[in-house]
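Proteins get letters first, then strands, A, B, ... in listed order; numbering begins at 1 in each.
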Amino acid sequence: MRRALLARLGHGAIVIALVVSACFTLIRLAPGDPFFRDLDAARLTTAQREAQRAAFGYDRPIPEQFVRYVGQVASGELGWSHSRSQPVADALAATLPATLLLITVATLLAFGIGVPLGAWMGWHAEHPLARAVDRVAVIVLAVPDYLLALLAVMGPALAWGLFPIGGMRTEFGPRGLGGLLDVVHHLALPALALALPVAATAARLQCAAMRATRDHAFVRTARAKGGDDRLARRHALRAALVPVLSFAGVHLAVAVSGVVVIERIFAWPGMGRLLFEGVLARDYPLVAGGVLVASIGTVLGTLLADLALRWADPRQQALR
Amino acid sequence: MTRRSLRALLLALPLLTACDRLRGPAGAGTVIVSTAADPDPFLPPTRTSVTGRMVSELLFDPLVEIGADLNPFGEAGFVPRLAASWRWSPDSLAVTFTLDPKARWHDGTSVTARDVVTGLALIRDPANGSPVAGEVVDIDSIVAVDARTARVHFHERSAEQLYSASLVYPMPSHLLDSLPAGGLATSAFAQRPVGSGPYRLVEREPKVRLVLGAVEDHYRGRPGPDRIALTISPDPATGIAKVWAEEADVWELLPPPDVTAATAYPQVRLVPYNGWDYTFVAFNFRAPNDTAAAHPLLADPAVRVALTQALDRTGLIRALFDSLAHPLLGPFVRAQFTADTTIAPIPFDTLAPARTLDSLGWTGRTRDGIRLRDGRPLRLRALVPAPSANRVRAAVLVQEQWRRAGVDLVIDKREAQAFGAARDGGDFDVVFGGWGTTPSVRGLRSTWGSGARAGWGRQNSGRYASAIFDSLVADGLASADPVVTRDRIRAAYRVIVADAAAVWLYEPMPVAAVHRRFLLPTWRPEAWWRTLPSWRLDPEAPALARDARPTAP
Amino acid sequence: MTRPQRHRVDATTLLTVGGIVALTLAGPALAPYAPTEALDPQRLAWQPPSAQFLLGTDGFSRDVLSRFLVGARHTLGVALLAAGVALVLGTAVGLGAALAGRWRESFLMRCTDALLAMPRLLVLLLVVTGTGALRLDALALVLGATGWMTTARLVRQETRRLLATDALRGAIVLGVPPARLVTHHLLPALAPTLAVAATGAFASAVPLESGLSYLGLGVPTPLPSWGNIIAEAEGDLLRRWWVVVFPTAAIVGTVLLANRVAERLTHGDAP
Amino acid sequence: MSATLPALRVHGLGVTFAGAGRLVLDAIEFSLGRGEALGVCGPSGAGKTTLALALLGLLPRGARYAQGTERHLGALRLDDLDDRGWSAVRGRRIAMVFQEPLLALHPALRVRRQIVEVGRLHGLTDQESTRRLHEGLETMGFATPDRIADRFPHQLSGGQRQRVLLAMAMLMRPEVLIADEPTTALDPERRDAVGDALANLRRDHGTALLLISHDIALLRARCDAVVSLRDGRLADAPVVDAPVAGVSTRAAPTTYDAGADPMTHDALTASTRPTSASPNAAAAPLLRVEHLHVGYHTPSVGAEDADGADDVLRDLSFTLARGEVLGVVGPSGAGKTTLAQAILRLLPTRRGRVVFDGTDLAAIDGEPLRRLRRRLQHVAQDAGASLPAHQSASAAVAEGLEVHGIARGAAARTQAAALLAEVGFPATLVDARIDTLSTGERQRVAIARALGPGPDLLICDEPTASLDPERREQVLALLERLRDTRGLALLLISHDPAAIARLAPRVLPL
């Protein structure tokens, strides 16, 4: 078990290294440079450009920059973000909590809604309501995610005034407990917009798994033992969690793409925006640092999902 | 949907309360400015964006500032700031500034002449990448005569000498002189700048928000609003919605549909003002892949004129802006001192382009109606910046109109960085360019000058080069008489318009949205924030929670 | 072990798919106006649906119905091609990994994981901002090239499962060479899995194209696509509902249909 | 509980399935007194399992009871029970042992938890449940109940799982125990132990037993009465299915029965203790297995009985000469199939070597291995599943010829037809799809396919297990002929002592 875990972590490290070096190279190959700041404003002379690039070593060949970057990272230094005028580490520290909050709440919300709902739908697959919910779930999945988010901004936030338009807290709003509530208030719509498609997928997967499981022999055994409907359902659910947990592992990688759109629309001060803007601004160290953190998060999340998968299905002995 | 003229709608608005008092009373609430762009960088030597200018000019005072009539020539149009007074040398090649004795940095240190020297040094350090560097090439050096006297030496006499000096913001030498070369951007100072302006930086979350607090003991008096906050929403729709929802107070430039929408929000006041930006389609005079060679098509003035004639700019502008933009007359906006509204544009004409192109041998037609010559279609590649929704939309309309003239316009829409790289590399046939002008004619020099002189032609994407144009501008700047200067510049405008260096598209007439609880002074079109310190709350309007005076200093 | 009779996709679904294909092919012929033609930007922009413009007009006064009809082939074509590319790449990598074994499998799967861990949007952004707007085929290629990983994992898993079955072991012991093993034994057995993966890839590519259009990375202007018709509303969904509602309904309908096909295929082949 | 009332009384029990017109069970009547045992036999598809489920009210979705169904448990009328009422009855008063033990156990819960849960549901303390759990597992022949209890079902062998299910069913000392094929996965010794345990349950706790099996011998041995179920109807009188001619009652159609005779088994074991050098393999042996260890890294569904050891095969050595037939025998779970798979390189070996005609099989890979496979062929245990289901019989056989370059196209088809004819496959069926063939026909196709490449050694894994006696006889004759005419060496894995005795002069017990 421990060896498998270590091997898994080793694989994770390889994945992270591959992701970071790919992004590192890709963004440096894209035209434009970090010191090009504004669309039409006075442009710098070639000499100024060269001086700036040289000051940060961007005039060196990419492999050399990469080796330097690796050395830098090894010594805990992530570089300087040009587009945000702050150290990359500070930028990540400032945006990571917001994104973690958003993703965590959205994930909990998604699976908290999706799994019970899907389990119910699967157990009562013949119920007309279950079929109706399934239809709704497919529609939610089919609607482009940004439209859902925009609708949330237009409807509940702007037209009905129930929620703030964007951002993470009210400018000069309350502090302390009130501040916390304020954050929750701001969080509600983006988290929901991020969670809905995931919840729909989770519900459909859970529904299918539950539907397949409910007639399994071991569920019959639960009844034959003297278990009631609840116990049977519990036994079925325990075994039917596997596909949903597999999905949860992949979901995290997808969620990073999702937050890019959601954070943009809701002006949420998180890493999705940081990465998006970093790419647009050709902020090399920021993108590399952001991708590093994002891939660490993804790898850890996948690992977590795998552990949960082992729990749900002990037959998956080896951590693949 | 019948659309009433938006301009008529705006005219029907109650006139702005004239309030020209420069200082507002203390405690004039909190102004939240909603914006899509991060102000960074916002130090005077390195600022680039409009929001960056806004923050830098609230944080730092210049030596002198251009006055309300926006005349950049000579000295009549300038008002003192950190410099209480100035004196010309007999040969007019130097100006000696005497600093205001009350002027202090936010940390309490006096502003000294050395700070002026530091200000120029930071601009001149190439590794700082100051966009101002190209604007102040006529300054030779700055000498600190004594603690409160700084003398600026110029290479040559020019109508805009004082304007050049106004671009050099004194910077606190006691904090910055120890910086290594190119170290301004990464310095601790850039994170926590110490300025001399009416506001100090209180808080900054990059790309999210920035909060400025009033400097209580400012040498020009305490500014009105206690706090000015910028809240940044990457999606403009969200940013504008914040103003509708009273989460923010100001949006500087509303798109026309939102001007209509604003009427649904009674707390929003619309403020129309004169624009300082213009948009054009510049022709590339050089071959896209080889800047040494002339462009195979567009180097021919007849083609440029034909393409210009083929565009119905009035229709295009109405489609894009309703009535909230003027057709552009040349490389200037109407609010400029040098503006010349008598210039006759190359008229829209459906027949003339066909005749010209026929005579040039573009007689064949593809199935889609695109003209052919020797089997090759008449195709142009347009570089369009994706971040500018207006220019993307304009490109689609231009594409459609040129298609009718048998010209195939391929829209190459790129994100800012890639757009910049392609534009600077001359990799395009036409480029949808834009330019935020200033009162001075420096923009004219750098955007359309040939680059034969220092500071000229830096922005000249299409590499238009006209000796007549250059010499007219140079003559104008050399004159000491503002009227002569203006006449020469106007003559230069006529030259470049006749040359059809670009299709002059539009100059928008911006409309700002501002919360009604503020009583506004006159809206400075080129820099509306300059009067922000004199905003005050309307005592009749209900204040919002955020207007309560902040408890922490 | 006998296979259950494969369920066929039912007639209604087939008819609907056929209808969509026909509409897509005939789209340009049916369009009442040229899809890129700005009819009268001053007077006819943002016209709500009327007898003249059944689905209204957009901000450039282009007929939405015409754009919708012609856009179908761009949206569906891109999605179809992207799904095809993803299918081919994913099957190749998944099969390769499962058959290569040991460190080669490990390496391939680590690369797959790495690509999966890379936010797809950022990769697309990097590619698109680097090169400017992509042509349709290039766009589909990029979408496919960034979307094959789940298929690869699925195929690898299924291949590994198949390799442990008696049928495949029988073929191996018989001495069937690897190439023939793939073409004669694995691919036929993988077919249902691949069909489901392909419909899934297609169903996810349709809304993705729309999402990219919102970020300005989708089908290049002025070519219409369902995604960029919606994006034309520039976020003003409520006042310009007609440019949002119809293409969205079409996207949702297409995805629902693809799901239905996938469901039929899955249920038909469940063991 | 009244002593006069029977433990279980069924009257007019009928079951229909939605969609199916006829009754799956029709007017079933029987009664079962305290401590009595009733055997129900019948061919597969007769409704045996449905009967068991119907008694517990656990009919699958879509099934309905016919009008007039009456089931009484002592004085309790079961038909009136609601969900809660059933909960109190099931597991405590009527318990059930399901047919497929792997599927009947929850895959993600440890054995202990699954069994203790029964006690919990019926008011036992966990302590008491645990005590009974240990006792029950010991009764079922587990030497180390604790270790078994801490495993997941997939970590157990089929036989172990079956016994675990029995222990679970016995936990509450039910009044009625319904056991559906409770011994199919067991080897003969275990089967007897389980039979004894059931008998003890009857004796000690007065449990009435309803034993369902297709194995009449078992029913005869363990039940007071045996009835037969055919087409959903219970035959009035216990029917004795006429045993197939030539097969004694003891050696019933299932191969396990033969092994049940301890004498036969001992005799086989004693016959040859394998030594490193076999006397009649003085020349270079065709196959040499040296100190072979094979184990599973991850105990999987098919994992054999691995009580006490991780390796399925430990330090196994033997040789096989050209043209020789070696029988491999052993109880289920001894590793017979594992040995075949290890030799065929379908499983990695832990230690030791497999040398085929001078080549260490572990040392080659890729193309050389593939070419060697031509000489080393296999007829899998479930021969039908090892064939490409969607191909025709002749195509499946021709493939073996084509991949080894023996013949191509039409020639390959012709040769394939000849091979099929050689193994006695009906010529009319050569173009029929494999999945339309019967088990015996597929077995022949599998053998023909394996013969195609012209192997020197054929490994036959239970070639007769799934065949009826007539077919069995044919296949054995075929193998005999092949040995004689082709000089084929055979590694014959079988439960069937008759087959072994007939073909293999030498036997390797596992």
Side-chain angles (χ1 to χ4, degrees), chain A residues 1-5 7-8 115 119 122-127 130 206 209-246 306-320, chain D residues 49 52-53 55-62 82-110 113-123 151-155 165 168-169 171-172 174 178 180 296-301:
Chain A
M1 166 73 193
R2 188 178 305 154
R3 245 185 71 189
L5 197 68
R8 187 62 214 246
V115 169
W123 195 254
H124 304 276
E126 288 74 25
H127 201 286
Q206 187 66 72
M210 197 69 173
R211 202 176 161 171
T213 314
R214 63 178 178 166
D215 293 330
H216 263 236
F218 64 83
V219 179
R220 203 172 55 193
T221 306
R223 290 183 194 277
K225 282 167 163 185
D228 52 4
D229 202 58
R230 253 185 48 219
L231 184 91
R233 213 162 47 206
R234 222 171 56 212
H235 275 206
L237 181 60
R238 174 72 184 267
L241 277 175
V242 173
V244 181
L245 287 173
S246 307
D306 272 352
L307 288 177
L309 207 58
R310 269 174 69 92
W311 163 81
D313 185 5
R315 282 170 296 185
Q316 315 218 351
Q317 277 279 326
L319 283 165
R320 272 179 305 104
Chain D
T49 300
L53 294 175
L55 294 176
L56 262 88
L58 288 176
L59 283 182
R61 214 168 290 281
D82 58 2
D83 194 45
R84 174 180 290 189
W86 270 116
S87 295
V89 170
R90 289 185 198 134
R92 176 147 85 189
R93 297 184 59 190
I94 309 186
M96 170 126 184
V97 180
F98 290 101
Q99 187 175 7
E100 299 149 296
L102 176 65
L103 303 179
L105 288 166
H106 196 287
L109 300 178
R110 292 180 198 279
R113 159 112 189 251
Q114 299 200 41
I115 296 184
V116 169
E117 195 171 53
V118 180
R120 251 181 231 168
L121 285 167
H122 298 294
R151 292 199 177 179
F152 288 106
H154 70 273
Q155 294 170 325
L165 265 183
M168 178 158 42
L171 193 81
M172 298 307 297
I178 302 168
D180 191 1
Y296 293 90
H297 288 286
T298 56
S300 62
V301 173

Open item on the list: With a 4.5 angstrom heavy-atom cut-off, is it the side chain or the backbone of A:Ala239 that approaches chain D, or both, or neither?
Closed with: both
- [ ] Measure distances from D:Gln114 to the heavy atoms of chain A and classify the residue's part below 4.5 Å as side chain, backbone, both or neither.
- [x] both
TODO: Please look at D:Leu56 and chain A and tell me whether the side chain, the backbone, both or neither of the residue comes under 4.5 angstrom of a heavy atom of that chain.
DONE: side chain
Open item on the list: Please rank D:Arg92, D:His122, D:Arg120 by heavy-atom pairs under 4.5 Å with chain A and give me the top one.
Closed with: D:His122
Task: Worked verdict on A:Gln206 versus A:Leu241 for side chain to side chain contact (heavy atoms under 4.5 Å, CB included) - done: CA-CA 7 Å; A:Gln206 187 66 72; A:Leu241 277 175; 3.5 Å; yes
Open item on the list: With a 4.5 angstrom heavy-atom cut-off, is it the side chain or the backbone of D:Leu171 that approaches chain A, or both, or neither?
Closed with: neither
Open item on the list: Looking only at heavy atoms and a cut-off of under 4.5 Å, which of D:Gly91, D:Pro60, D:Pro153 has the most pairs with chain A?
Closed with: D:Gly91
Open item on the list: Rounded to the nearest 0.5 Å, what separates atom CG in A:Leu245 from atom CG in A:Leu309?
Closed with: 5.5 Å
TODO: Sort D:Ala95 into side chain, backbone, both or neither according to what part of it lies under 4.5 angstrom from a heavy atom of chain A.
DONE: neither
Task: Interface moiety of D:Met172 toward chain A, non-hydrogen atoms closer than 4.5 Å - done: neither
- [ ] Sort A:His235 into side chain, backbone, both or neither according to what part of it lies under 4.5 angstrom from a heavy atom of chain D.
- [x] both
Open item on the list: Minimum heavy-atom separation for A:Asp229 and A:Trp123, please, with both atom names.
Closed with: OD2-NE1, 3.3 Å
TODO: Report the option among A:Ala217, A:Gly226, A:Ala236 that has the most heavy-atom pairs separated by less than 4.5 Å from atoms of chain D.
DONE: A:Gly226
- [ ] Find the distance between CZ (D:Arg110) and CD1 (D:Ile115) and round it off to the nearest 0.5 Å.
- [x] 14.0 Å
Task: Closest non-hydrogen atom pair, A:Ala222 against A:Leu231 - done: O-CD2, 3.8 Å
- [ ] For chain A, find which of D:Leu109, D:Ile94, D:Val89 contributes the most heavy-atom pairs closer than 4.5 angstrom.
- [x] D:Leu109
Task: Value rounded to 0.5 Å, distance of CD in A:Glu126 from NE2 in A:His124 - done: 10.0 Å
Open item on the list: Between A:Asp228 and D:Ser87, is the side chain to side chain donor-acceptor pair (under 3.5 Å) condition met? List the steps.
Closed with: CA-CA 6 Å; A:Asp228 52 4; D:Ser87 295; 5.4 Å; no
Open item on the list: So for D:Pro107, is it side chain, backbone, both, or neither that comes closer than 4.5 Å to the heavy atoms of chain A?
Closed with: both
- [ ] Indicate yes or no for a side-chain donor-acceptor contact from D:Arg90 to the backbone of D:Gly57 under 3.5 Å, with no hydrogens or angles considered.
- [x] yes
